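By convention here, the first residue in the shown sequence is residue 1. From a predicted model like this one, the values you see are computed outputs, not experimental measurements.
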Amino acid sequence: MATDLVLTSFPSEFDLYLFHEGTLYEGYNMFGAHLTEIDGTQGVRFLVWAPNALKVSVVGDFNEWNGSNHEMKRMGNSGTWFLFIPNLTEGALYKYEIHTPYGETMLKSDPFAFYSEKRPNTASVIYDLKKYEWKDKSWMEKRKKKDVYHEPMLVYEVHLGSWRKNPEGEFYTYKELAATLIDHVIQSGFTHIEILPVMEHPFDRSWGYQVTGYYSATSRYGSPEDLMYFIDQCHQSNIGVILDWVPVHFCKDAHGLGRFDGTPLYESIDPLKAERPNWGTYNFDFEKPEVQSFLLSNAMFWLDVFHIDGFRIDAVSSMIYLNHDNQMNTTIKNKHGGEENLEAIQFIKLLNETVFQKYPGILMMAEEATAYPLVSKPTFAGGLGFNYKWNMGWVNDILRYMQLDMRERKYHHDLLTFSFLYTFSENFVLSFSHDEVVYGKRSLLNKMPGTYEQKFANLRLLYGYYITHPGKKLLFMGSEFAQFDEWKDLTELDWKLFDYESHSQFYHYLVCLNYFYKNVSCLWRLDHEPEGFEWVDPNNKTQSIIVFIRKGKRKGDYCIVVCNFSDSQYEGFRIGVPSYGNYLEVFNSDDRSFGGSGQCNKQLIQAEKAPYHNQPCSMEITVPSLGMAIFMKETKKRRKDVMDYGIKKMDSYVVSGRTGN
């Protein structure tokens, strides 16, 4: 009787309507396994979508995995199956036993499972997500009012499994990472952590990009409650948390979403659209509104339940183009004869509209590698609705340039300056991500040409240009201390390099650069507006030098950046400046404390009323070889702050420990 009673009221006809329409935004409250009470009896209710199944049962360690004990009931023509099992408790293992139209019997993990067995086991686990008591109210309230476009952003990208290992060589848990990783992020000066996917996945070396449990925080590092604790601790330390999210494809493992009810369900019935041969996965079928509801609900799930602060959406190009990365001989066309995935584009727009309506202060970052227009513009203006896009064009150009021999750079000067033709067309993130330091690409340091010392000088210069170039910033773990080897996902980072002076000095440089950036508002206040940037000299290809101005919102709030990509030092080098008076060198990548040679401007510099570089005044400076220097107009405060020939001491920036709310 209890089950029949629930069947008349749950799920509601309206919920099912939204699910089949593609606009069910909180499907995780309906589908899956939920601890509940019915007619005074505690138990678990199950709901699963398997429209083509002949029979579905719940099996688990509580019924000896025998499907005849707990058969589910089909709910009309909705394609969903329901069951309430009394006296079932948290921690029980379960799967769905699905009898297909083709006479097969399959065991499938729950697509909406909140927790899963630790790999290689694949059962879903009954779990109560409502136990954790959050302490990040202050952060969540502040986030509602955040103006992300006009604030500094320094993202530290992390793969939790290889950041550090415990003494036994095993993964750190979410809780252990909360005690170590967060302190490192704070000390290093980052504002956000971006975590490679933590949704459950069967294969460690997929790094989480081939998912089986979209609602299940991977058990590799602990429980969902442990992950909540990690995020909560980040928020209490004023660190935002971004999750890598993969709504384009899923892995084919037998217990996962593939051919879920014996037929193509989450993937397309058309094998040309379903297959992703270069990844060995299935594409999501965005033509099915139920699939859209599944993914929309998943995004809202991580925002609602885990308090995350945004997503980096993986492989957006593969979502919006039917043939992006297509290794098949056949070219797929849409109904109009084009190659855009019209349904995926519609989904992306709905996703962003839905997310920003409820959470206006979060980040939706697209990893999008093509020239598709208006990726980071609102949908009402014809855009896709993201608020950020990775600037992969700039990353490709600058890394190609930096790997050139210093004598060859003058012939490729446009690689330095081309980005400014499109810098303000999108809201960009400059991303030195994991993709740049794997698969034989070498680490950032080892990409640099020259002697051992020149490699470090080149990398300091690269980071200086990256920090002063318009756009928010992202850096993959290990790059903060110039790891020499490329990322090795099976072992931890090469922390032993801190024992070597060149690497510890480089880390000191990175920390000072990050804190300098956060404290100098003209480096980020107008990141996405042309008024925040002005060329002084973009054309000096002979000497491989560029000079530009970054501007803030207030009059007189600006700094002048000089980048020398040659291995020659220049004395008495004249640059144009906007106004007459004294200037201070406030940062120099060649400072000795950073491992440089000390080619710094140690004294106040008097600008003359001599026009140069289309500026009304000019001054002469020392330009360090393979170096970046920043100059600002003298004020009493700046003169007091600037020490050690223009380099602010690290201690004046770094706040030890947690900052709290």
Side-chain angles (χ1 to χ4, degrees), residues 25-29 32 34 112-115 127-148 151 153-158 160 173-179 181-183 185-186 190-200 208 211 213-219 221-247 295-313 351-352 354-365 386-388 658-661:
Y25 304 147
E26 297 179 354
Y28 53 90
N29 288 324
H34 293 264
F112 283 85
F114 296 147
Y115 195 35
Y127 198 87
D128 181 6
L129 290 175
K130 299 177 182 177
K131 298 179 296 183
Y132 186 77
E133 295 183 9
W134 289 88
K135 299 179 177 63
D136 65 346
K137 183 178 179 180
S138 176
W139 170 272
M140 298 295 281
E141 288 298 317
K142 290 177 186 175
R143 194 181 71 181
K144 295 177 184 177
K145 304 171 185 176
K146 267 188 175 293
D147 179 6
V148 296
E151 294 184 355
M153 186 188 301
L154 295 164
V155 183
Y156 186 60
E157 187 186 38
V158 180
L160 296 181
T173 66
Y174 296 119
K175 281 197 168 183
E176 289 169 335
L177 288 164
L181 173 57
I182 296 173
D183 281 342
V185 169
I186 293 170
F190 294 100
T191 62
H192 293 74
I193 298 173
E194 181 188 306
I195 306 173
L196 269 63
V198 294
M199 299 76 180
E200 193 58 77
V211 180
Y214 274 80
Y215 291 79
S216 179
T218 179
S219 52
Y221 314 123
S223 69
E225 197 168 346
D226 294 338
L227 177 56
M228 292 176 186
Y229 173 82
F230 174 83
I231 296 169
D232 199 3
Q233 290 296 303
C234 286
H235 288 173
Q236 292 181 57
S237 302
N238 288 322
I239 300 296
V241 180
I242 303 164
L243 288 189
D244 219 330
W245 189 50
V246 191
L295 290 169
L296 283 169
S297 292
N298 188 243
M300 298 305 291
F301 169 80
W302 290 101
L303 293 165
D304 290 345
V305 178
F306 282 87
H307 290 203
I308 66 124
D309 303 297
F311 296 105
R312 176 265 194 182
I313 295 85
L351 166 71
N352 287 319
T354 303
V355 163
F356 285 122
Q357 184 175 11
K358 187 170 182 181
Y359 295 108
I362 71 149
L363 300 164
M364 295 293 282
M365 298 180 170
F386 295 101
N387 56 0
Y388 278 98
R658 308 289 176 83
T659 58
N661 282 326

* To do: With ring-ring contact (aromatic ring centres under 6.0 Å, His included) as the test, would you mind laying out the steps for Y215 and F112 before giving the verdict?
  => CA-CA 6 Å; Y215 291 79; F112 283 85; 4.6 Å; yes

* To do: Decide yes or no on ring-ring contact (aromatic ring centres under 6.0 Å, His included) for Y156 and F190, but give the supporting numbers first.
  => CA-CA 6 Å; Y156 186 60; F190 294 100; 4.9 Å; yes

* Taking the side chain as C-beta and beyond, is there a heavy-atom pair between Y127 and S223 under 4.5 Å? -> yes

* To do: Heavy atoms only: give me the nearest L303-G310 pair and the separation to one decimal.
  => CD2-N, 4.5 Å

* How long is the span from the CG atom in N387 to the CE atom in M365, to the nearest 0.5 Å? -> 7.5 Å

* Considering only heavy atoms from C-beta outward, does the side chain of I313 approach that of P247 to under 4.5 Å? -> yes

* Structure fact -> Minimal heavy-atom distance between I242 and R312, with the atoms involved, is CG2-N, 3.6 Å

* Evaluate the side chain to side chain donor-acceptor pair (under 3.5 Å) criterion for residues D128 and H34: first the C-alpha distance (whole Å), next the side-chain angles of each, then the deciding distance (0.1 Å), finally the verdict. => CA-CA 8 Å; D128 181 6; H34 293 264; over 6 Å; no

* Asked: Quick check: are there more than 12 heavy atoms from other residues, nucleotides or ligands sitting under 6.0 Å from NZ of K131?
  -> yes

* Checking side-chain contact (heavy atoms from CB on, under 4.5 Å) for the pair V158/E194: CA distance, chi angles, key distance, verdict? -> CA-CA 6 Å; V158 180; E194 181 188 306; over 6 Å; no

* **Spatial distance of atom CE (M228) from atom NE2 (H307) [nearest 0.5 Å]** => 8.0 Å

* Identify the heavy atoms of I362 and M364 that sit nearest to each other, and give their distance. => CD1-SD, 3.9 Å

* Is a salt bridge present between K175 and E225, judged by a nitrogen-to-oxygen distance below 4.0 Å? -> no

* For Y229 and Y132, what are the C-alpha separation, side-chain angles and deciding distance, and is it a side-chain contact (heavy atoms from CB on, under 4.5 Å)? -> CA-CA 8 Å; Y229 173 82; Y132 186 77; 3.9 Å; yes

* Asked: Between K135 and D232, is there a side-chain N and carboxylate O pair less than 4.0 Å apart?
  -> no

* Structure fact -> One should read off an interatomic distance between I182 CD1 and S237 OG, to the nearest 0.5 angstrom, of 5.0 Å

* Compare every heavy atom of G222 with every heavy atom of Y115, then report the nearest pair and how far apart it is. => OH-O, 3.5 Å

* Flag, side chain of E200 to backbone of S219, donor-acceptor distance under 3.5 Å -> yes

* Asked: Where the side chain of D309 meets the backbone of V241, is there a donor-acceptor pair that is under 3.5 Å apart?
  -> yes

* **With sequence neighbours excluded, residues passing side-chain contact (heavy atoms from CB on, under 4.5 Å) with E141** => K137, K144

* Structure fact -> Nearest heavy-atom approach of F306 to W134 is O-CH2, 3.3 Å

* Kindly assign one of parallel, tilted or perpendicular to the pair W245 and F311, based on the angle between their ring planes and the thresholds 30° and 60°. => tilted

* Donor-acceptor contact below 3.5 Å, side chain Y214 vs main chain V246 -> yes

* Any side-chain heavy atom of I195 sitting closer than 4.5 Å to one from V198? -> yes

* Asked: Taking the side chain as C-beta and beyond, is there a heavy-atom pair between V148 and Y388 under 4.5 Å?
  -> yes

* **Any T173 side-chain heavy atom under 4.5 Å of D226 side chain** => no

* Can you say whether the rings of F301 and Y28 are parallel (under 30°), tilted (30 to 60°) or perpendicular (over 60°)? -> perpendicular

* **F386 side chain near L363 side chain, heavy-atom distance below 4.5 Å** => no

* For the student: nearest non-hydrogen atoms of L129 and P224, plus distance -> CD2-CB, 3.7 Å

* **Distance in Å, K146 NZ paired with E151 CD, rounded so as to fall on 0.5 Å steps** => 4.0 Å

* Asked: Where the side chain of T218 meets the backbone of M199, is there a donor-acceptor pair that is under 3.5 Å apart?
  -> no

* CD1 of I308 to CD1 of I231: how many Å apart, nearest 0.5 Å? -> 7.5 Å

* Atom OH of Y25 and atom CG of N298: how far apart are they, to the nearest 0.5 Å? -> 15.0 Å

* Between I239 and I186, does a side-chain contact (heavy atoms from CB on, under 4.5 Å) hold up when you go through it step by step? -> CA-CA 8 Å; I239 300 296; I186 293 170; 4.2 Å; yes

* May I ask you to decide if Q233's main-chain N or O and Q236's side chain share a donor-acceptor pair within less than 3.5 Å? => no

* To do: Begin from the C-alpha positions of I193 and V155 and carry the test side-chain contact (heavy atoms from CB on, under 4.5 Å) through to its verdict.
  => CA-CA 6 Å; I193 298 173; V155 183; over 6 Å; no

